Number of protein chains: 2
Amino acid sequence: MSRPTVHDVARVANVSLSTVDRVLNGRDGVRAATQERVRAAMKQLGYERDLMAANLSRKRIYKIRFVIPDGPNSFMRNLAAELETQARIALRDRTEISVSLVPPFDGRALGAELRRTRETEADGVVMVATESAEVRQAVSELRAAGIQVVTLISDLSASARGHFVGIDNVSAGRTAAGLLGRFCAGRPGRIAIVAGSMLVRDHVERRLGFEQVMHSEFPELKLLPPIESGDEAARVDRLLTDQLREHPDIIGIYSLGGGNRGLRDALDRAGADPRPMVVVHELTDQSRVALQDGMFDAVLQQDIRKEVTSALVIIRNLIEAMPIDAETGRIHTEIFLRDNLP
Amino acid sequence: MSRPTVHDVARVANVSLSTVDRVLNGRDGVRAATQERVRAAMKQLGYERDLMAANLSRKRIYKIRFVIPDGPNSFMRNLAAELETQARIALRDRTEISVSLVPPFDGRALGAELRRTRETEADGVVMVATESAEVRQAVSELRAAGIQVVTLISDLSASARGHFVGIDNVSAGRTAAGLLGRFCAGRPGRIAIVAGSMLVRDHVERRLGFEQVMHSEFPELKLLPPIESGDEAARVDRLLTDQLREHPDIIGIYSLGGGNRGLRDALDRAGADPRPMVVVHELTDQSRVALQDGMFDAVLQQDIRKEVTSALVIIRNLIEAMPIDAETGRIHTEIFLRDNLP
DNA sequence: ATGAAAGCGCTAACAA
DNA sequence: TTGTTAGCGCTTTCAT
């Protein structure tokens with residue numbers, strides 16, 4: 001037998017199609033008693049609404065707005081590119097994607113942009129959050145206006161966002177330590193840490209996780225205080241070059257932010273032998289080449305495509321008030337070595 | 001403006017709906033000239049068929065049959081469980097999944113089962129292949145009967161299968177070597193290899209990749225000949241215990257097949273200190289616990305869920321003669337440490 | 001508060 | 001070879 005339809009439900013409940021529809025979509029104008037009958041019929045038949053037919057009928061088009069930082073690093077540029085690709089594909093699912101770029105690490109700008117999206121009649125907003133009161137406020141307003149909000153990559157604490165899609169950055173840091181610690185085991189020495197900025201939440205979390213594991217499991221490795229590069233390659237190069245000169249016993253480097261190009265340059269310049277073991281974040285053209293060269297040992301990554309598609313699934317479910325599979329938003333930290341590059 | 005529909009195309013091309021439909025679906029009975037007009041209209045309008053509406057209309061239900069080995073290891077049991085889950089979900093996409101189990105490593109049995117599926121009026125078959133002439137033959141027959149075939153996890157060389165979904169096992173072996181080699185660097189010693197059977201193709205490929213990298217990049221580590229366990233925990237335990245006793249200088253172990261429970265038992269019994277570094281395949285309850293205990297260092301994995309959903313997407317595209325994104329079938333080898341467990 | 005009927009974009013008989 | 005028409009399962013006016 002094929003799946004039961006609204007017709008079946010209507011027949012069993014002894015009501016018309018419209019009434020079934022009203023119950024189905026939680027519209028009012030149905031007596032409680034009737035509602036019960038309809039619901040009973042649905043349960044009895046195991047009715048499950050056909051979303052495709054529903055969307056076909058109502059000509060529903062989900063309008064989703066992505067608000068992402070206009071960062072200097074190739075990671076964010078990859079995100080933008082991925083969004084362009086997904087925009088094409090999403091059309092088949094009746095989803096219209098628009099993108100707006102905002103200055104990075106700027107809560108005020110992000111908040112303002114979020115307010116502006118209310119005029120675009122979007123059904124939902126997906127954003128890479130920056131921690132800030134303005135942003136939290138703007139999110140509340142969106143929610144109040146019936147616009148769903150999903151945070152991507154970087155979450156917004158204590159906010160009204162409906163869901164977060166991204167990796168667990170503390171565990172990413174721990175993972176980096178697990179790798180680097182094992183890579184360096186047996187050879188006492190120092191570990192350098194290169195971060196973008198300690199004002200950014202994911203970087204803080206990665207550092208936290210990294211230090212947790214380093215201290216508890218590889219106490220013979222001494223951690224240097226993190227270099228803050230603002231994710232700019234040139235600064236990474238300069239600061240790290242200095243540090244390598246000052247500490248010839250650096251045997252491992254963890255770069256938890258952007259600017260990996262500068263990392264390569266610094267290592268090239270230093271030309272140590274054996275070179276330090278290196279673990280970095282985000283698979284970009286730069287880090288891929290460095291992995292193949294043997295200059296980097298491991299790259300931690302979050303699958304941007306998966307993040308985008310998960311965010312779309314989740315925000316559509318949010319919009320439709322459908323249950324959300326917790327698994328969907330949980331992106332795990334992937335590890336790439338030279339030989340399992342995708 | 002909203003997307004153009006068949007009506008628009010019909011109007012512009014000055015034909016009826018049916019004619020547009022015929023062209024759209026490559027049915028014959030349309031003059032070449034008319035076809036051209038219709039195609040021109042489609043191009044002009046940028047028409048793209050609405051698959052949901054199409055499926056709604058034709059009440060199309062994709063019947064997909066999965067043929068998988070009834071193996072003794074938890075990996076295959078996980079596969080079966082995942083299929084059960086996906087069966088439920090796939091219904092929403094008008095896809096009906098059925099599963100049939102066959103004896104593992106038995107080409108004859110698999111071939112026979114494939115022949116039998118022709119009677120189930122399936123639209124497509126997804127199978128974990130075993131290399132064998134019977135199987136290749138059966139695949140050809142299915143294709144001839146218009147039934148699409150996709151191989152999953154283990155490919156079938158020189159066959160008519162429409163697509164393969166799974167990881168690159170040579171590169172998985174190389175990846176294992178990259179990890180284990182770095183983990184053991186600096187401490188000369190021996191590496192033990194535990195395999196299921198050298199008659200199985202993915203195991204052979206993993207071993208190949210592993211030895212490639214070990215020889216070229218970590219020549220100071222000596223490889224022992226592989227233990228063949230038939231993926232049975234008890235045999236892994238016994239054989240490995242012997243080997244550990246015979247070679248007290250084993251500092252690393254690569255297990256490329258099943259039976260990881262036996263591996264744990266053997267290590268427990270040996271109780272070496274420091275214990276050898278261990279890299280295994282497939283995230284199961286066993287290997288997960290061992291990772292958390294700190295008994296295993298890394299687990300290589302193929303995402304079964306992703307493999308199943310990719311296989312579904314691909315076989316549906318095959319059935320609909322739609323273009324296939326090469327990326328979809330390429331599953332990459334994931335690496336798990338204790339801290340990035342999903 | 002409930003129902004009848006007309007679509008949504010596409011397909012599939014059946015006619016012409 | 002081409003066209004007409006009646007659905008697919010659901011939503012949405014507009015009546016009642």
Side-chain angles (χ1 to χ4, degrees), chain A residues 1-39 41-42 45-62 91-96 316 319-322, chain B residues 1-39 41-42 45-62 91-96 123 319-322:
Chain A
M1 272 310 301
S2 65
R3 269 164 52 167
T5 75
V6 271
H7 288 92
D8 302 318
V9 176
R11 192 163 22 72
V12 171
N14 229 291
V15 295
S16 74
L17 285 185
S18 339
T19 301
V20 174
D21 183 71
R22 288 185 185 106
V23 174
L24 200 55
N25 293 287
R27 280 184 276 271
D28 46 352
V30 184
R31 254 187 324 191
T34 320
Q35 273 192 44
E36 244 347 285
R37 253 191 307 150
V38 173
R39 251 185 263 285
M42 297 210 251
L45 295 174
Y47 173 82
E48 228 188 311
R49 154 228 245 128
D50 183 330
L51 232 205
M52 295 184 185
N55 284 341
L56 171 59
S57 172
R58 65 178 120 170
K59 294 182 57 126
R60 179 80 153 104
I61 289 188
Y62 302 99
L91 276 180
R92 294 182 207 161
D93 296 328
R94 296 167 195 290
T95 303
E96 226 171 77
R316 273 196 298 248
I319 291 169
E320 293 292 352
M322 285 180 358
Chain B
M1 272 308 300
S2 65
R3 267 162 55 166
T5 76
V6 270
H7 288 93
D8 302 320
V9 175
R11 194 164 21 72
V12 171
N14 229 293
V15 294
S16 75
L17 284 186
S18 345
T19 302
V20 173
D21 183 70
R22 287 191 258 264
V23 174
L24 200 54
N25 294 288
R27 282 184 274 271
D28 46 351
V30 183
R31 252 188 324 193
T34 321
Q35 275 195 41
E36 245 345 287
R37 253 190 309 149
V38 174
R39 251 185 261 287
M42 296 210 250
L45 294 173
Y47 173 83
E48 226 187 315
R49 152 228 246 129
D50 183 329
L51 231 206
M52 296 186 185
N55 284 342
L56 171 60
S57 171
R58 67 177 119 170
K59 293 182 56 127
R60 178 80 154 106
I61 289 188
Y62 301 99
L91 276 180
R92 294 182 208 160
D93 296 330
R94 309 188 130 69
T95 303
E96 226 170 76
D123 303 294
I319 290 168
E320 293 293 350
M322 282 178 4

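Being a predicted model, the structure only gives us computed values, none of them experimental. The chains referred to below are lettered A, B, ... by the order of the sequence lines, with proteins before strands, and numbering in each begins at 1. Hydrogens, waters and symmetry mates are skipped; everything else that's a heavy atom, side chains included, is used.
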Worksheet item: In whole angstrom, what separates A/His7's NE2 from C/dA6's C1'?
Response: 12 Å

Discussion item. In this structure, how many angstroms lie between the P atom of C/dC10 and the CG atom of B/Asp8, rounded?
Written reply: 9 Å

Item to complete: Would you give the length of the straight line joining atom OG of B/Ser16 to atom NE2 of B/His7, rounded to the nearest 0.5 angstrom?
Response: 10.5 Å

Worksheet item: OP1, OP2 of C/dG3 versus side-chain N and O of A/Thr19: anything below 4.0 Å?
Response: yes

Response to the item:
Rounded to whole Å, CE of B/Met52 lies from P of C/dG9 at a distance of 14 Å

Fill in: Flag side-chain contact, heavy atom, 4.5 Å: B/Val38 against B/Arg22
no

Discussion item. Suppose we screen for side chain to side chain donor-acceptor pair (under 3.5 Å). Which residues come up paired with B/Arg39, at least two apart in sequence or across chains?
Written reply: B/Gln35

Worksheet, complete the sentence: Angle separating the five-pair end axes of the helix from C/dA1-D/dT16 to C/dA16-D/dT1, nearest 10°, is 40°

Discussion item. Rounding to an integer number of Å, can you tell me how far B/Arg3 CZ sits from C/dC10 C1'?
Written reply: 12 Å

Write out a two-atom table: protein N or O, nucleotide N or O from nucleotides 11-13 of chain C, distance below 3.5 Å.
residue, atom, partner, partner atom, Å
C/dT11, OP1, B/Arg49, NH2, 3.2
C/dT11, OP2, B/Asp21, OD1, 2.4
C/dT11, OP2, B/Asn25, ND2, 3.4
C/dT11, O5', B/Asp21, OD1, 3.2
C/dT11, O4', B/Ser57, OG, 2.5
C/dA12, OP2, B/Arg27, NH1, 3.4

Worksheet, complete the sentence: Applying side chain to side chain donor-acceptor pair (under 3.5 Å) to A/Asn55 and not counting sequence neighbours gives none

Worksheet item: With a 4.5 Å limit on heavy-atom distance, are the side chains of B/Tyr47 and B/Leu24 in contact?
Response: yes

Discussion item. Less than 4.5 Å apart, side chain to side chain, heavy atoms only: is that true for B/Ile61 and B/Thr95?
Written reply: no

Discussion item. Could you tell me if the side chain of A/Val6 sits less than 4.5 Å from the side chain of A/Asp21, heavy atoms only?
Written reply: no

Item to complete: Provide the closest heavy-atom pair for A/Leu45 versus A/Pro4 in the form atom of the first, atom of the second, distance.
Response: O-CG, 3.4 Å

Practice prompt. Using atom CG of A/Asp50 as one end and atom C1' of C/dC10 as the other, report the distance to the nearest whole Å.
Written response: 14 Å

Discussion item. Counting the atoms with a prime plus P, OP1 and OP2 as sugar-phosphate, which does A/Val15 contact under 4.0 Å by heavy atoms, base, sugar-phosphate, or nothing?
Written reply: sugar-phosphate

Discussion item. Could you tell me the boundaries of the chain B footprint on DNA chain D, defined by atoms under 4.0 Å from its heavy atoms?
Written reply: D/dT1 to D/dG9

Worksheet item: In whole Å, what is the span from the CD1 atom of A/Ile61 to the C1' atom of C/dC8?
Response: 12 Å

Discussion item. According to salt bridge (charged side-chain N to carboxylate O under 4.0 Å, His left out), who are the partners of A/Arg11, at least two apart in sequence or on a separate chain?
Written reply: A/Asp8

Fill in: Non-hydrogen atoms of B/Arg3 and B/Arg49 that approach each other most closely
NH2-O, 3.8 Å

Worksheet item: Taking the side chain as C-beta and beyond, is there a heavy-atom pair between B/Val12 and B/Met42 under 4.5 Å?
Response: no

